[in-house]
Student: 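To start, I am sharing the structure in question, which I have written as structure tokens.
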Amino acid sequence: MKINVDKWGLAALAVVLAVLPFTASGYVLYIVNLLMIYIVLALGLHLVIGETGQFALSHAAFYGIGIYTAGIINNTWHPNFVVSVLAAGVITAVLGYLLGALAIRMRDIYLALSTFAFGEAMQWVFLNWTEVTNGSNGYQMSPARFFGLELTSDLAAYPFVILGAALMLWLTVRLSRSQLGAAFRAVRESDVAARAMGIDANVVKRIAFMCSAAYAGVAGGLYTTFASFIHPESLGFWTTILILIMIVVGGIGSVRGAVIGAVIFGLISELLRQVLSFQEIIYGLILIGFMMFAPRGLFSGRVRARKAAPGESAGRAGT
């Protein structure tokens, strides 16, 4: 019954998204495009924290690397935007694997601090490598192209962003139901038990970091299809915290929770742009409220996994 609800919900959402370009203003389309980016980012953080249990705080850094990579490629060679998005995903995946290789010996707060340090270092690079990023002046990006068509508006980029987010959601669900997804969750529950079952926990962690970083890179590449400017200040630690709140409130370990959390807090972050000085306070109060009254979030993959029927595939838990 839950699967049917999900299918009907996705079908209704598809109809709304198909009708939206004909009825909504450019600003609304911009917000929807941005929400799709948040969904991809939340899904990527879900893989490394929710599925694998590795508390990484480097997501905004990989997102920024993806944006600058795609933007620089677009400005220099003007290729099909698919090329720049794939390049952003590949480069961030390689960097994510390398970071994972360095961080796998750390746990809990030490892992969080090391990945936080990487994120802060990358923001310093974005701010000071002026020859490449234009530093604190921000980076201006030329319009993305698709077989000669320039994506010069939110409406032009809209179908590509929607399709990109839908593809990443499909990949996440498939991955969650695969043997690799089961290995992620085994490592999350216990490294020792995972190794006893023949799972190489270190390799699994590296792959999780790689996949999570690739999602952030793809999100950054998709961002360049409708945005023409990026400033390093928008790629700081607060962006990672915002995405972390999305998956915590949605429910750690749940794909559905990551998506819904991204939509809810993506909209809230846009509404709170008028009260920037109170943003941190409001987010903090919301997070404290959920920790007190709904510590597992709106949807919890771990709760459902424990309540699953004996014959149910473990690979389907958490979606």
Side-chain angles (χ1 to χ4, degrees), residues 2-3 5-10 12-13 16-17 31-60 62-63 112 162 164-177 181 184-185 188-189 208 211-212 215-216 218-219 238-272 279-280 282-308 316-319:
K2 288 183 179 180
I3 295 178
V5 170
D6 285 345
K7 287 183 176 180
W8 280 108
L10 287 174
L13 179 60
V16 171
L17 293 176
I31 296 299
V32 175
N33 285 339
L34 194 59
L35 290 178
M36 295 301 110
I37 301 301
Y38 281 136
I39 286 173
V40 177
L41 286 170
L43 291 173
L45 197 60
H46 156 79
L47 289 178
V48 72
I49 294 181
E51 291 280 348
T52 319
Q54 305 304 299
F55 199 71
L57 297 176
S58 52
H59 218 52
F62 290 119
Y63 178 46
I162 295 295
L167 175 61
M168 301 309 288
L169 175 59
W170 177 80
L171 286 174
T172 306
V173 174
R174 296 296 298 173
L175 179 60
S176 180
R177 296 178 177 180
F184 283 165
R185 291 185 290 277
R188 177 189 70 192
E189 298 302 328
C211 293
S212 176
Y215 272 62
V218 169
W238 178 245
T239 300
T240 293
I241 293 300
L242 175 60
I243 304 165
L244 178 62
I245 291 174
M246 291 174 182
I247 67 169
V248 169
V249 171
I252 292 181
S254 168
V255 175
R256 187 187 298 109
V259 172
I260 294 176
V263 172
I264 292 174
F265 276 90
L267 291 172
I268 290 176
S269 68
E270 193 62 29
L271 291 173
L272 293 181
Q279 266 192 349
E280 291 85 352
I282 295 172
Y283 284 136
L285 290 175
I286 293 174
L287 191 57
I288 291 171
F290 269 90
M291 292 298 96
M292 292 178 60
F293 303 108
R296 298 188 183 276
L298 299 174
F299 302 94
S300 175
R302 298 193 188 191
V303 171
R304 286 195 301 277
R306 285 198 294 269
K307 292 183 177 181
R316 294 181 178 270
T319 61

Student: So, do Leu43 and Leu171 sit near enough that their side-chain heavy atoms are less than 4.5 Å apart?
Tutor: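 SC-SC contact between Leu43 and Leu171 ruled out.
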Student: Tell me the salt bridge (Lys or Arg N to Asp or Glu O under 4.0 Å) pairs involving residues 261-272, sequence neighbours left out?
Tutor: Glu270-Arg273
Student: If you measure from CG on Leu13 to CH2 on Trp8, what distance do you get to the nearest 0.5 Å?
Tutor: 14.5 Å
Student: Leu169 vs Val255, test: side chain to side chain contact (heavy atoms under 4.5 Å, CB included). Steps then yes/no.
Tutor: CA-CA 8 Å; Leu169 175 59; Val255 175; 3.7 Å; yes
Student: With side chains defined as the heavy atoms from C-beta onward, is the minimum distance between Ile245 and Ile286 less than 4.5 Å?
Tutor: no
Student: Which residues pass the side-chain hydrogen bond (donor to acceptor under 3.5 Å, both in side chains) test with Tyr215, not counting sequence neighbours?
Tutor: Thr172
Student: Apply side chain to side chain contact (heavy atoms under 4.5 Å, CB included) to Leu242 and list each qualifying residue two or more places apart in sequence or on a separate chain.
Tutor: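 Side chain to side chain contact (heavy atoms under 4.5 Å, CB included) check on Leu242 returns Tyr38, Met246, Phe265, Ser269, Tyr283.
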Student: Which residues satisfy the side chain to side chain contact (heavy atoms under 4.5 Å, CB included) test with Leu267, sequence neighbours excluded?
Tutor: Ile31, Leu35, Val263
Student: Under the side chain to side chain contact (heavy atoms under 4.5 Å, CB included) rule, collect the residues that match up with Ser58, sequence neighbours excluded.
Tutor: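 Testing Ser58 for side chain to side chain contact (heavy atoms under 4.5 Å, CB included), a comparison that skips the adjacent residues, returns Ala56, Phe62, Leu99, Thr115, Phe118.
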Student: Counting N and O atoms only, with roles assigned by atom type, does the side chain of Ser212 sit under 3.5 Å from a partner on the main chain of Val48, one being a donor and the other an acceptor?
Tutor: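 It does not hold such a pair.
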Student: For a 4.5 angstrom cut-off between non-hydrogen side-chain atoms, does Ile37 reach Tyr63?
Tutor: yes
Student: Check for a donor-acceptor pair, side chain of Ser176 on one end and backbone N or O of Gly181 on the other, with a separation under 3.5 Å.
Tutor: no
Student: Return the CD1 to CD1 distance between Ile39 and Ile243, rounded to the nearest 0.5 Å.
Tutor: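 Reported to 0.5 Å precision, the distance equals 12.5 Å.
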Student: Between Arg185 and Glu51, does any side-chain N to carboxylate O distance fall below 4.0 Å?
Tutor: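 Judged by the 4.0 Å cut-off on N to carboxylate O distance, Arg185 and Glu51 do form a salt bridge.
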Student: Can you tell me how far apart CD1 (Ile247) and NE2 (His59) are? Round to the nearest 0.5 Å.
Tutor: 8.5 Å
Student: For the atom pair CG (Leu41) and NE2 (His46), what is the distance rounded to the nearest 0.5 Å?
Tutor: 14.0 Å
Student: Report yes if some heavy atom in the side chain of Met36 is under 4.5 Å from a heavy atom in the side chain of Val40; otherwise report no.
Tutor: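 The answer is no, as the side chains (C-beta and beyond) never meet within the 4.5 Å cut-off.
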Student: Nearest 0.5 angstrom please: Arg256 CZ to Leu298 CG, how far?
Tutor: 11.0 Å
Student: Indicate yes or no: at least one non-hydrogen side-chain atom of Ile162 is less than 4.5 angstrom from one of Val32.
Tutor: yes
Student: Looking only at heavy atoms, what is the nearest atom pair of Ile252 and Gly50, with distance?
Tutor: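 It is CG2-CA, 3.6 Å.
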Student: To the nearest 0.5 angstrom, please state how far the CD1 atom of Ile282 sits from the CG atom of Leu272.
Tutor: 4.5 Å
